[in-house]
Amino acid sequence: MFNIYCPYCEEHREEEEFHPSGQAHLARPADADACTDKEWGDFLYFRKNPRGLHQELWQHTAGCRKFFNITRDTVSYQILETYKVGQSPQVKLPEVKLEEPRHG
Amino acid sequence: MEKILVSDQYAPDSLSERAEFGDINVPVVETALQHVNLRQVATRTGSGHGVSFSELPVTGLLVLRARSERAALQSALQTTVNIKLPDTLQSEVSVSSGSHKSVYCIRWVAPDEWMLSCPAQDAFDIETRLRSSLGGNSVAIVNVTGGYSVLQLSGQHANDVLKKSTVYDVHPQNFSVGKVVNTTFAKAQVMLRCVSNDEYELIVRRSFADYVWHWIQVASKEYGLSVSRS
Ligand SMILES: [Zn+2]
């Protein structure tokens with residue numbers, strides 16, 4: 001049994017009722033016509049894949065069908081918090097310095 | 001609006017059997033399990049078993065959605081069917097006064113969504129009255145009567161059948177009378193309500209009704225299953 005707390009149903013529910021929807025807090029470029037191809041490409045296609053804490057969007061598909069956010073550890077699967085869309089996370093993610101991909 | 005003929009799936013001479021084939025002037029609404037012939041099954045299974053199953057007659061179902069205009073919906077419901085919006089994961093029931101006793105039940109689905117049930121013949125009338133009472137408020141009302149089947153499980157082992165069918169904790173301590181949850185039932189989804197002790201209501205998608213009916217037959221085999229009309 002793996003229970004997830006739904007902030008809308010206000011109780012823990014079985015994992016089977018939920019569906020993950022990838023990285024949370026993706027900000028769409030404010031002016032899509034004026035942004036660069038790199039900005040647009042990053043928004044559309046590039047996602048974090050951290051070893052450790054990750055903020056994710058989930059949906060309570062078999063329950064209230066609402067989307068909400070989870071701060072989850074991708075190594076231990078521990079869920080540190082769940083919060084509604086529009087709310088801010090309480091758990092702060094560690095600052096990760098990304099290496100530029102090496103080519104050639 | 002002309003009255004709809006609602007077929008009684010337990011009647012010895014059900015409407016759909018009587019309606020002339022191809023007579024478009026006789027629109028007959030049938031339940032999802034009409035073809036199962038529950039009347040015949042009921043006589044075969046007898047009564048007094050651990051689990052009792054029934055499919056409710058065609059039930060009027062309205063999906064109500066409101067966000068900021070929740071108060072307007074609340075008062076419209078109060079004047080139309082004398083019912084209040086239920087709390088999270090709860091349901092409310094009201095019975096109309098007068099000679100013709102109609103039962104209304106409203107279920108919490110999500111913070112901005114509810115499911116109202118009523119006699120099938122009243123669904124259109126209630127929808128119309130809600131709309132006129134709501135005026136220009138931004139509230140969505142959708143009649144989904146044809147999309148679902150309403151089933152009932154009761155008996156001393158009904159809870160045991162649920163335990164092996166759903167991932168939700170249906171122990172009376174957690175799932176008390178009046179509580180309603182959307183969850184899984186075998187491979188289907190269900191809106192599950194605890195009507196009273198050892199009595200549960202399952203609202204399933206019409207296309208899943210056969211599957212759920214077959215599942216219940218197998219799952220309740222060890223307790224004995226009787227089919228009845230609720
Ligand atoms: Zn939920």
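Chain identifiers are assigned alphabetically (A, B, ...) following the order of the sequence lines, protein sequences preceding nucleic acid strands; residue numbering begins at 1 within each chain.
- By the neighbour-count criterion of 12 heavy atoms within 6.0 Å, atom CG of Asn143(B) is densely surrounded, having more than that number from other residues, nucleotides or ligands.
- A donor-acceptor contact closer than 3.5 angstrom links the side chains of Glu11(A) and Tyr168(B).
- In Phe2(A), the CZ atom is crowded: over 12 heavy atoms of neighbouring residues, nucleotides or ligands sit closer than 6.0 Å.
- At a heavy-atom separation below 4.5 angstrom, chain B is approached by Glu17(A) within residues 17-53 of chain A.
- Scanning residues 56-72 of chain A against chain B with a 4.5 Å heavy-atom cutoff picks out Thr61(A), Ala62(A), Gly63(A), Cys64(A), Arg65(A), Lys66(A), ordered by number.
- When all heavy atoms of Arg13(A) and Asn182(B) are compared, the closest pair comes out as NH1-O, 3.2 Å.
- The number of heavy-atom neighbours closer than 6.0 Å to CZ of Arg206(B), taken from other residues, nucleotides and ligands shown, is above 12.
- Other residues, nucleotides and ligands contribute only 12 or fewer heavy atoms inside 6.0 Å of the CZ atom of Arg67(B).
- Looking at Thr183(B), the atoms closer than 4.5 Å to chain A (heavy atoms on both sides) sit in the backbone and in the side chain alike.
- Leu89(B) contributes atom CG, which lies 14.5 Å from atom OH of Tyr8(A) (distance to the nearest 0.5 angstrom).
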